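Report on the structure given below.
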Amino acid sequence: MYLGLVTALGVFLLDQLSKYWVRVDLLNGHGAIMVTDYFNVVTAWNTGVSFSMFDDFGVWGLIGLSALALVIVGYLLWWMKHENNTLTLVALGFIVGGALGNVVDRIFLGAVFDFLDFHYGTHHWPAFNVADSFICVGAVLIIFEGLLSKKTKEV
């Protein structure tokens with residue numbers, strides 16, 4: 001469990017520090033910075049979940065989404081306590097740290113700060129942040145580990 005908790009703390013700190021740096025130092029009131037023809041650093045506030053789903057529920061959405069995220073984090077911590085696979089512990093740490101980073105944004109900023117904007121011409125992928133990235137990577141690692149462990153058990 002220790003490895004998962006340390007991983008979660010590292011992800012949480014990286015997420016919060018990156019958001020603060022981009023919001024306060026890099027953008028400093030500017031709406032966006034064009035980095036390449038396909039990548040911008042932007043200011044985007046997400047009051048919902050992934051891709052701004054459920055973003056029109058106001059304060060009840062903020063409370064509900066934060067509470068749901070904390071319940072899920074609680075379950076993942078329970079899983080982490082009973083897990084002995086190193087890859088799964090790291091993956092759970094990625095998800096827990098990212099989820100807590102976004103919950104802190106919701107509670108203290110009223111929305112999640114997203115700033116990574118990839119696009120092709122006028123077609124933009126929804127903006128996201130470091131926490132979102134780690135949550136996705138953690139989920140993919142758990143899926144791959146599950147698939148690999150099933151294959152190993154069958155052999």
Side-chain angles (χ1 to χ4, degrees), residues 3-80 86-147:
L3 176 62
L5 292 175
V6 170
T7 302
L9 178 62
V11 167
F12 174 80
L13 292 174
L14 183 62
D15 172 64
Q16 290 297 297
L17 291 171
S18 67
K19 289 173 182 172
Y20 180 83
W21 176 70
V22 169
R23 197 174 67 250
V24 174
D25 291 334
L26 185 62
L27 291 173
N28 194 19
H30 297 91
I33 297 173
M34 185 175 147
V35 179
T36 68
D37 289 339
Y38 57 88
F39 174 67
N40 301 325
V41 177
V42 300
T43 298
W45 294 100
N46 183 355
T47 57
V49 294
S50 300
F51 313 121
S52 295
M53 292 185 299
F54 312 117
D55 67 345
D56 55 355
F57 292 104
V59 70
W60 290 110
L62 176 100
I63 293 168
L65 291 173
S66 297
L68 178 62
L70 291 174
V71 167
I72 293 169
V73 164
Y75 170 74
L76 295 176
L77 290 171
W78 175 85
W79 181 1
M80 200 183 285
T86 301
L87 180 61
T88 303
L89 285 169
V90 169
L92 291 169
F94 283 177
I95 297 168
V96 167
L100 290 175
N102 284 341
V103 166
V104 165
D105 278 14
R106 279 192 190 93
I107 292 170
F108 291 102
L109 302 174
V112 176
F113 179 67
D114 293 327
F115 58 90
L116 301 169
D117 173 40
F118 286 91
H119 58 91
Y120 180 74
T122 60
H123 304 287
H124 290 256
W125 184 260
F128 59 98
N129 59 43
V130 171
D132 300 333
S133 300
F134 274 103
I135 291 168
C136 289
V137 170
V140 167
L141 288 174
I142 288 172
I143 292 167
F144 281 146
E145 195 283 323
L147 292 172

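What you see is a predicted model, and the numbers here were worked out from it, not measured in a lab.
- Under the 4.5 Å side-chain criterion, counting only non-hydrogen atoms from C-beta, L89 is not in contact with T7.
- Here the CD1-CD1 distance, from I107 to I63, works out to 10.0 Å after rounding to the nearest 0.5 Å.
- One distance of note links CH2 of W78 with CG of L92; it measures 11.0 Å at 0.5 Å rounding.
- For the pair S66 and V103, the tightest heavy-atom approach, listed with the atom from each and the gap, is O-CG2, 4.3 Å.
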inquiry  = If you apply the rule side chain to side chain contact (heavy atoms under 4.5 Å, CB included), what do you find for F144 with L87, and how did you get there?
reply    = CA-CA 10 Å; F144 281 146; L87 180 61; 6.0 Å; no
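- Across all non-hydrogen atoms, the minimal contact from V73 to A99 is CG2-CB, 3.7 Å.
- A tilted orientation is assigned to the rings of W79 and Y75, their planes being inclined by 30° to 60°.
- F118 and F128 have parallel rings, their planes meeting at less than 30° on a 0 to 90° scale where 60° marks the start of perpendicular.
- Summarising the geometry of F115 relative to S18, their closest heavy-atom pair is CZ-OG, 3.9 Å, with the distance given to 0.1 Å.
- Side-chain contact between V11 and V96 is absent, with no heavy atoms from C-beta onward closer than 4.5 Å.
- Heavy atoms only, all atoms of each residue included: N40 and M34 are closest at OD1-CA, 3.3 Å.
- Residue pairs meeting the side-chain hydrogen bond (donor to acceptor under 3.5 Å, both in side chains) criterion with at least one partner in residues 94-103, sequence neighbours excluded, are K19-N102, N102-N129, N102-D132.
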Trace of the side chain to side chain contact (heavy atoms under 4.5 Å, CB included) decision for L70 with L100 = CA-CA 8 Å; L70 291 174; L100 290 175; 3.9 Å; yes
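- Taking 4.5 Å as the limit, every side-chain heavy atom of T88 sits out of range of all side-chain heavy atoms of M80.
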Would you give me the side-chain donor-acceptor pairs under 3.5 Å for residues 20-29, sequence neighbours excluded?
none

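- From F94, atom CZ reaches atom OG of S133 across 11.0 Å, with rounding to the nearest 0.5 Å.
- Closest approach of G98 to I135, counting heavy atoms only: C-CD1, 3.6 Å.
- Here the shortest heavy-atom pairing between A111 and T47 reads CB-CG2, 3.7 Å.
- Taking a 6.0 Å sphere around CZ of F39, one finds it holds more than 12 heavy atoms contributed by other residues, nucleotides or ligands.
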query = Can I95 and I142 be said to form a side chain to side chain contact (heavy atoms under 4.5 Å, CB included), step by step?
reply = CA-CA 10 Å; I95 297 168; I142 288 172; 3.7 Å; yes
